[in-house]
Amino acid sequence: MNLLTYNLLGIKPKSFGLEIEDSYIKVFQLKKNKSGFSMAACNLRPLKKGIIRDGQVVQAEELAKEIRELLKLSRPKPIKTKFVVFSVPETKSFIRTIQIPKMSREEAAEAVKWETEANIPVSLDKVYLDWQIIDSNEKNNNVLVVAVPKEVVDGYYQAVSLSGLITLAVEVDIIATIRSLTSKESNKEPILIADIGADKTSLAICKNQIPYFSSSIPLCGKTFTDALQKGLGIGYEKAEELKGKYGLGKMKKDDMLYNIYNPLIENLAVEIDRSISFYSESINAQEKVERIVLSGGGSLLRELADYLSLRLGKTVIVGNPEMGLGIKQNTAINIAGDLSPFSTPIGLAMRGFDYED
Ligand SMILES: Nc1ncnc2c1ncn2[C@@H]1O[C@H](COP(=O)(O)OP(=O)(O)O)[C@@H](O)[C@H]1O
Ligand SMILES: [Mg+2]
């Protein structure tokens, strides 16, 4: 899947990032300059229901058409390059950290396979597997392993190819999100990232930009809209509009919005707490997770970060893809409205520079 041959031929392609989710596709192209990165082009496009269902492509031709359309509609100018780094959803992926004894690279590849087989519920011949040593002590190497079912990747790859693009790399969305929201300096202590998308929320705890834990929960942007629809007896469009306008409102006990949103936020808080407990009980007992970074469109729900911060007793901020790089906010925000929904495609675009330099 990794078309590194293009580098062997001496071509250093300019590329862009493409996030593909059930409800939206998003593109982001970066330019590198002296002070860091700036935006070259971006945009997003909602997908009709049924093109992708539960993280798997159902209508490849339709998806290809939507991708082509989005490239044309990118701002300030269409994206012309054919080289892409695209994402697959965390919901369909297995991200694990495992330990293997120090050994030769060939032996390690075998050991990783055995260890992974024991750690994921799918047989190895049915997944694409990638791994990387993250640190080591005298005897052992800690290895980050990512496995994604071939059936899932092939669906996306087929649609991307049909749209006329050439894939440089495929990455699990949350890994790209971590890259754009954190930096080596800002991630010496563990951080929990909650990427609140339209159809799922992915939670990850990362340190040194490596995900030591990740999972997805069904509570997501749509859950909030659904709750408003039912609670107020209004249509979907109206509910989306009100959600964007009022956010959590005052969150006072007699408030209508409080009654609608409170169970959802409580659910999110419990899941975050549970992930943090898992990290300290099973992964790293020495370090405490004190910082939570929200991202994705759902993180724009007004007052959510402050409310969660009070509830969890931790620092909660809305992540800014600027933190990890030097994007010129103003130019990008004029076009994108806000960068939070773009943290994943920005991370994918950053990955693309591995093939350029
Ligand atoms: N200002 C806002 N306030 C609350 N929710 C928002 C706001 N802007 C976008 N959203 C929600 O964010 C969700 C989309 O998030 P996004 O990260 O773009 O999705 P995905 O990556 O899953 O395609 C939608 O449910 C949308 O209603
Ligand atoms: Mg997303």
Side-chain angles (χ1 to χ4, degrees), residues 17-28 42-49 51-57 63 66-67 70 85-93 156 171-181 193-204 214-229 234-249 251 257 260-261 264-265 268 293-308 318-321 332-333 335-349:
L18 166 66
E19 180 191 11
I20 312 175
E21 302 255 20
D22 292 11
S23 300
Y24 292 95
I25 49 175
K26 300 178 204 150
V27 287
F28 210 103
C42 77
N43 211 343
L44 59 78
R45 185 169 173 82
L47 291 181
K48 278 193 291 266
K49 261 208 175 107
I51 297 182
I52 305 176
R53 199 172 299 137
D54 296 329
Q56 257 172 290
V57 178
L63 178 55
E66 296 294 337
I67 293 171
L70 176 58
V85 179
F86 72 83
S87 64
V88 291
E90 196 281 339
T91 27
K92 291 285 163 189
S93 312
Y156 289 96
E171 197 162 63
V172 178
D173 53 13
I174 192 73
I175 294 181
T177 308
I178 289 170
R179 184 181 300 111
S180 78
L181 289 180
I193 303 233
D195 184 349
I196 310 169
D199 309 283
K200 65 158 196 305
T201 294
S202 297
L203 302 174
S214 76
S215 79
S216 290
I217 57 171
L219 182 107
C220 57
K222 286 228 168 96
T223 321
F224 284 81
T225 314
D226 285 348
L228 264 192
Q229 253 186 289
I234 52 176
Y236 181 82
E237 301 291 329
K238 188 74 191 161
E240 273 285 315
E241 186 194 321
L242 288 183
K243 183 173 80 165
K245 206 157 155 191
Y246 296 110
L248 298 184
M251 272 292 175
L257 289 178
I260 293 172
Y261 284 140
L264 309 182
I265 297 170
L268 181 58
V293 176
L294 307 180
S295 86
S299 71
L300 299 177
L301 195 68
R302 275 173 45 198
E303 315 288 346
L304 177 63
D306 289 348
Y307 191 83
L308 276 176
V318 177
N320 190 335
I333 281 201
I335 289 153
D338 196 292
L339 285 183
S340 281
F342 287 94
S343 50
T344 306
I346 289 173
L348 296 167

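Quantities reported herein were computed from a predicted structural model and do not represent experimental measurements. Each ligand, and each atom within it, is numbered from 1 in the order the structure gives.
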Check your understanding: Distance from Lys26 atom NZ to Asn43 atom CG, nearest 0.5 Å?
Key ->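 So the NZ of Lys26 and the CG of Asn43 are separated by 11.5 Å.
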
Exercise for review: Everything protein-side that's N, O or S and under 2.8 Å from the Mg ion (ligand 2): list it, residue and atom.
Suggested key: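 Within the sphere that stays under 2.8 Å of the Mg ion (ligand 2), the protein atoms of type N, O or S are Glu19 OE2, Glu21 OE2.
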
Check your understanding: Is the backbone of Gly55 close enough, under 3.5 Å, to the side chain of Asp22 for a donor and an acceptor to pair up by distance?
Key ->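 Judged by distance alone, yes, a pair lies under 3.5 Å.
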
[X] versus [Y], closest heavy-atom pair with distance:
X: Ser299; Y: Leu294; value: CB-CB, 3.6 Å
X: Ile174; Y: Ser202; value: CD1-CB, 3.9 Å
X: Ser343; Y: Ser180; value: O-OG, 2.7 Å
X: Glu90; Y: Val172; value: CA-CG1, 3.7 Å

Practice item. Apply side-chain contact (heavy atoms from CB on, under 4.5 Å) to Thr91 and list each qualifying residue two or more places apart in sequence or on a separate chain. Key: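 Partners of Thr91 under the side-chain contact (heavy atoms from CB on, under 4.5 Å) test: Pro89, Lys200, Ser216.
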
Contacts under 3.5 angstrom, residues 217-227 side chains, donor-acceptor by atom type, not counting sequence neighbours:
unit_1, atom_1, unit_2, atom_2, d
Lys222, NZ, Ser23, OG, 2.6
Lys222, NZ, Asp199, OD1, 3.2
Thr223, OG1, Cys220, N, 2.8
Thr223, OG1, Cys220, O, 3.2
Thr225, OG1, Gly221, O, 3.2
Thr225, OG1, Glu240, OE2, 2.8
Thr225, OG1, Lys243, NZ, 2.9

Exercise for review: Select all protein residues for which some heavy-atom-to-ligand 1 distance is less than 4.0 Å, and list them by chain and number.
Suggested key: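 Lining ligand 1: Glu19, Glu21, Tyr24, Lys26, Ile196, Gly197, Ala198, Gly221, Lys222, Glu240, Lys243, Gly244, Gly296, Gly297, Gly298, Leu300, Leu301, Pro341.
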
Point to revise | Leu44, Leu18, Ile67, Leu348 screened by side-chain contact (heavy atoms from CB on, under 4.5 Å) with Val27, the one that passes | key: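 Of all the options given, the one that passes is Leu18.
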
